[in-house]
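Everything numeric in this text was worked out from a predicted model, so none of it was measured.
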Amino acid sequence: MGRVVMLVLTLMMSGRMMTLAFLHRAGRGEAGDPPAAWLMPLIGDAVIGATALAVAWAVWRGRGPMVWAAIIAWNAVGLWDALSAYIVSRSVPWPEFFMIQTFGASMFFVAAAMHLVMIWLALSPAFRDDVLDNPRLG
């Protein structure tokens, strides 16, 4: 069950790829454009979102210590990005972003919580042993 939960949460993170639409506008200063300070969180979201499908495959089928470490590392980066985006949002607001208008600061904490759950699941003995002990699937 833990693997399914982790898979679903990982697939949900692919939605963070939508920030690719805003990268080229960061810091331009036109109405609705993200402030320049948002460039790092936007890049972080784009990376997490763009790699989510590969990580989902690793969660579902991957085996070996490198796969396990990559899953944990990807979630640690995602956690860091979500919390750093919250800090940026508090110091340099971007009120025109529809996600902030809809969900407010809670969206950063929900993303962080999702990554914490995935790290917890990846560290669970059942998942860890399954990924580390089973031979690579063909």
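Between L132 and P65 the shortest heavy-atom distance is CD2-CA, 3.3 Å. The nearest pair of heavy atoms linking S14 to L11 is OG-O, 2.6 Å.
The other residues sharing a hydrophobic cluster with M40 are W80, where clustering joins ILVMFWY side chains under 4.5 Å apart.
Taking CE from M114 and CG from L9, the interatomic distance works out to 4.5 Å, rounded to the nearest 0.5 Å. M118 CE to N75 CG: the interatomic distance, rounded to the nearest 0.5 Å, is 4.0 Å. The structure places NE2 of H115 at 8.5 Å from OG1 of T10, a figure rounded to the nearest 0.5 Å. Here the straight-line distance linking atom CE of M6 with atom OG of S124 works out to 6.5 Å at 0.5 Å rounding.
For I72, the side chain to side chain contact (heavy atoms under 4.5 Å, CB included) test picks out W68, A122, L123, with sequence neighbours left out. In this view, R128 satisfies the side-chain hydrogen bond (donor to acceptor under 3.5 Å, both in side chains) rule with no residue, not counting sequence neighbours. Every residue two or more places apart in sequence or in another chain that forms a side chain to side chain contact (heavy atoms under 4.5 Å, CB included) with A37 is listed here: V88, V92. With sequence neighbours left out, L39 forms a side chain to side chain contact (heavy atoms under 4.5 Å, CB included) with L23, A26, I43. Residues that satisfy the ring pair (Phe, Tyr, Trp, His ring centres under 6.0 Å) test with Y86, not counting sequence neighbours, are F109.
Sorted by first and then second residue, the salt bridge (charged side-chain N to carboxylate O under 4.0 Å, His left out) pairs involving residues 102-124 (not counting sequence neighbours) form an empty list. Applying the side chain to side chain donor-acceptor pair (under 3.5 Å) test to pairs two or more places apart or on separate chains, none has a residue in residues 34-44. Listed by first and then second residue, the salt bridge (charged side-chain N to carboxylate O under 4.0 Å, His left out) pairs that reach into residues 103-117 come to none, sequence neighbours excluded. Applying the salt bridge (charged side-chain N to carboxylate O under 4.0 Å, His left out) rule to pairs touching residues 103-113 yields nothing, sequence neighbours excluded. Residues in residues 109-123 take part in no salt bridge (charged side-chain N to carboxylate O under 4.0 Å, His left out) pair, two or more places apart or across chains.
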Under 3.5 Å, which donor-acceptor pairs do the side chains of residues 44-56 form with other protein atoms, sequence neighbours left out?
from : atom 1 : to  : atom 2 : distance (Å)
D45  : OD1    : R16 : NE     : 2.9
D45  : OD1    : R16 : NH2    : 2.8
T51  : OG1    : V47 : O      : 2.7
T51  : OG1    : I48 : O      : 3.3
T51  : OG1    : W74 : NE1    : 2.8

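Between I87 and F108 there is no side-chain heavy-atom pair separated by less than 4.5 Å. Between F127 and L121 there is no side-chain heavy-atom pair separated by less than 4.5 Å. You'll find the side chain of R28 reaches within 4.5 Å of the side chain of H24, heavy atoms only. At least one side-chain heavy atom of W60 sits under 4.5 Å from a side-chain heavy atom of V4.
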